[in-house]
S.K.: 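Structure incoming, see below.
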Amino acid sequence: MNSTYTDPILDWYAANARDLPWRAPDATPWGVLISEIMLQQTPVVRVLPVWRAWTERWPTPAALAAEPSGEAVRAWGRLGYPRRALRLHESARAITDRHGGEVPSSHADLLALPGIGSYTAAAVASFAFRQRHAVLDTNVRRVLARLVSGEEYPPKAQTKAEVALAEGLLPLDPPTAARWAVAVMELGALVCTARTPRCVDCPVLAQCTWHLKGRPAYDGPPRRGQTYTGTDRQCRGRLLAVLRDADGPVEKPALDVVWSDAPQRERALDALIADGLVDPLDDGRYTLPT
DNA sequence: CAGACGTGGTA
DNA sequence: TTACCAAGTCT
């Protein structure tokens, strides 16, 4: 489906793509999968060093599967949302047990793995296996909202109309569709950014509905909310950091000192245990899962 | 389906 | 300084 956007954006990508290691010719599907999980809600610059450490230490799913899940949580460092590390570890075991150690290439098989949703399944199938899928992440949703819909931001929740639009724009040839998918995403990441878009550098400015309308300001409901300080999330982060930074099991008082609100602290610790991020020992100490 | 789930950089 | 934002998923 030849769109007026396709060629300019593909050309722009050829000239401006970042040189990211998970895009290198020698990157494996496993490396791509790791990058996609790490990049969920996390900026590229923070992912880079952790991705290198992971792929060097665990070059295959089987290598990670052979370790206790706590090692994945520890090596996750401060990327945030550590349940992702747990799920990546679970995925490594599932891939080893059920897929002969090879990352599956089908969207359905990928989707069945823990921590992999609609976006990540499409991204891995497209980036690692050069298949034709609509890869709809926050960048692409924003680009299409501006380019086609003429809105500064996409709706809060993804709509069927957005999926239909993205599929309609997809080039028919699978390898070209895969290049298109990463190219639109890159345009959103580098040019068509959320806060201050660099429209002067945009290859499709002349075809941008939002620009043609004079870049009207977003008028919908407030975009965010959600303070972080004082939340259970912050408390969980503090608790887990103690365990990550310790060599072995820690005594309870070592956890108590990082959060003064005792009821909240106990609740957060219980939740971490329920999530499988922390193991309580019989002797009263706590540790990352072994 | 709205809210939970980490962390750090930037305007 | 506060608030938003960064390649989402799960319940």
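Convention: sequence-line order gives letters A, B, ...; per-chain numbering from 1. These numbers come from a predicted model, not from an experiment.
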S.K.: How many whole angstroms separate atom CG of A:L187 from atom P of C:dA7?
M.R.: 12 Å
S.K.: Could you check whether A:R195 gets within reach of a base, just the sugar-phosphate, or nothing at all, counting any heavy atom under 4.0 Å?
M.R.: base
S.K.: Whole angstroms only, please: what is the CZ-P distance between A:R236 and B:dC5?
M.R.: 5 Å
S.K.: Find the distance A:L33:CG to C:dA7:C1' and express it as a whole number of Å.
M.R.: 13 Å
S.K.: Should the pair A:D275-A:R236 be classified as a salt bridge under the 4.0 Å nitrogen-to-oxygen rule?
M.R.: yes
S.K.: Is any side-chain nitrogen or oxygen of A:Y153 closer than 4.0 Å to OP1 or OP2 of C:dC5?
M.R.: yes
S.K.: Would you list the atom pairs, donor with acceptor, under 3.5 Å between side chains in residues 265-272 of chain A and any protein atom, with sequence neighbours excluded?
M.R.:
residue : atom : partner : partner atom : Å
A:R265  : NE   : A:W259  : O            : 2.9
A:R265  : NH1  : A:D256  : OD1          : 3.0
A:R265  : NH2  : A:W259  : O            : 3.1
A:E266  : OE1  : A:K252  : NZ           : 3.4
A:E266  : OE2  : A:K252  : NZ           : 3.0
A:R267  : NH1  : A:D232  : OD1          : 3.0
A:R267  : NH1  : A:D232  : OD2          : 2.6

S.K.: Write out a two-atom table: protein N or O, nucleotide N or O from nucleotides 8-11 of chain C, distance below 3.5 Å.
M.R.:
residue : atom : partner : partner atom : Å
C:dG8   : OP2  : A:Q41   : N            : 3.1
C:dG8   : OP2  : A:Q41   : NE2          : 3.0
C:dG8   : O3'  : A:T120  : OG1          : 3.4
C:dG8   : N7   : A:Q41   : NE2          : 3.4
C:dT9   : OP1  : A:G117  : N            : 2.8
C:dT9   : OP1  : A:G117  : O            : 3.4
C:dT9   : OP1  : A:T120  : N            : 3.0
C:dT9   : OP1  : A:T120  : OG1          : 2.7
C:dT9   : OP2  : A:Y119  : N            : 3.4
C:dC10  : OP1  : A:G115  : N            : 2.8

S.K.: Which of the following nucleotides, B:dT7, B:dG6, C:dA7, is nearest to the side chain of A:R78?
M.R.: B:dT7
S.K.: Roughly how many Å apart are C:dA7 and B:dC5, using the P atom of each and rounding to a whole number?
M.R.: 23 Å
S.K.: Quick one: CD1 on A:I273 to CG on A:D279, what's the gap to the nearest 0.5 Å?
M.R.: 8.0 Å
S.K.: Please enumerate all residues that pass side chain to side chain contact (heavy atoms under 4.5 Å, CB included) together with A:A194, with sequence neighbours excluded.
M.R.: A:R142, A:Y153
S.K.: Using a cut-off of 4.0 Å on non-hydrogen atoms, how would the nucleic acid contact of A:L136 be classed: base, sugar-phosphate, or nothing?
M.R.: nothing
S.K.: Under 4.0 Å between any heavy atoms, over every strand shown, what does A:R23 touch: base, sugar-phosphate, or nothing? Just pick one.
M.R.: base
S.K.: Below 4.0 angstrom, which residues in residues 238-263 of chain A have at least one non-hydrogen atom near DNA chain C?
M.R.: none
S.K.: Holding to side chain to side chain contact (heavy atoms under 4.5 Å, CB included), I want the full list of residues that pass it with A:V44, two or more places apart in sequence or in another chain.
M.R.: A:R18, A:L20, A:W22, A:L39, A:L48
S.K.: Could you state whether A:V242 and A:Y81 fall into the same hydrophobic cluster, counting links through intermediate Ile, Leu, Val, Met, Phe, Trp or Tyr residues with side-chain heavy atoms under 4.5 angstrom apart?
M.R.: no
S.K.: In this structure, how many angstroms lie between the C1' atom of C:dA7 and the CG atom of A:L88, rounded?
M.R.: 15 Å
S.K.: Taking only residues two or more places apart in sequence or in another chain, which ones pass side chain to side chain contact (heavy atoms under 4.5 Å, CB included) with A:A63?
M.R.: A:W58, A:P59, A:T60
S.K.: Mind checking if A:F127 touches a base, just sugar-phosphate, or nothing, with heavy atoms under 4.0 Å?
M.R.: nothing
S.K.: Separation of A:R84 atom CZ from C:dA7 atom C1', in whole Å?
M.R.: 10 Å
S.K.: Would you classify A:D275 as touching base, sugar-phosphate or nothing, given that sugar-phosphate means primed atoms plus P, OP1 and OP2, and contacts are heavy atoms under 4.0 Å?
M.R.: nothing
S.K.: Which residue pairs satisfy the side chain to side chain donor-acceptor pair (under 3.5 Å) criterion with at least one member in residues 200-212 of chain A, sequence neighbours excluded?
M.R.: A:R198-A:D201
S.K.: Just jot down the side chain to side chain contact (heavy atoms under 4.5 Å, CB included) partners of A:R87, sequence neighbours excluded, or say none.
M.R.: A:R83, A:E90, A:P114
S.K.: Take atom P in C:dC4 and the same atom in B:dA4, then report the distance between them in whole Å.
M.R.: 15 Å
S.K.: Round to the nearest Å and state the distance from A:L48 atom CG to C:dA6 atom P.
M.R.: 18 Å
S.K.: Specify the separation, in whole Å, of atom CZ of A:R74 and atom P of B:dG6.
M.R.: 17 Å
S.K.: Please list every donor-acceptor pair under 3.5 Å in which a side-chain atom of residues 98-107 of chain A meets a protein atom from a residue at least two apart or in another chain.
M.R.:
residue : atom : partner : partner atom : Å
A:S106  : OG   : A:D109  : N            : 3.0
A:S106  : OG   : A:D109  : OD2          : 3.3

S.K.: Is A:F127 close to A:L33 at the side-chain level, that is, under 4.5 Å between some pair of heavy atoms?
M.R.: no
S.K.: So if I take every side-chain heavy atom of A:R46 and compare against B:dG8, C:dA7, B:dC5, which nucleotide ends up nearest?
M.R.: B:dG8
S.K.: Reckon A:A194 touches a base, only the sugar-phosphate, or nothing at all at heavy-atom distances under 4.0 Å?
M.R.: sugar-phosphate
S.K.: When the distance from OH of A:Y228 to C1' of B:dA4 is rounded to whole Å, what number comes out?
M.R.: 12 Å
S.K.: Between A:T196 and A:G80, which has a closest nucleotide on DNA chain B that is more 5'?
M.R.: A:G80
S.K.: Between C:dT9 and B:dG8, how far apart are the two P atoms, rounded to whole Å?
M.R.: 23 Å
S.K.: Give A:W76 one of three labels, base, sugar-phosphate or nothing, depending on what nucleic acid heavy atoms sit under 4.0 Å from its own.
M.R.: nothing
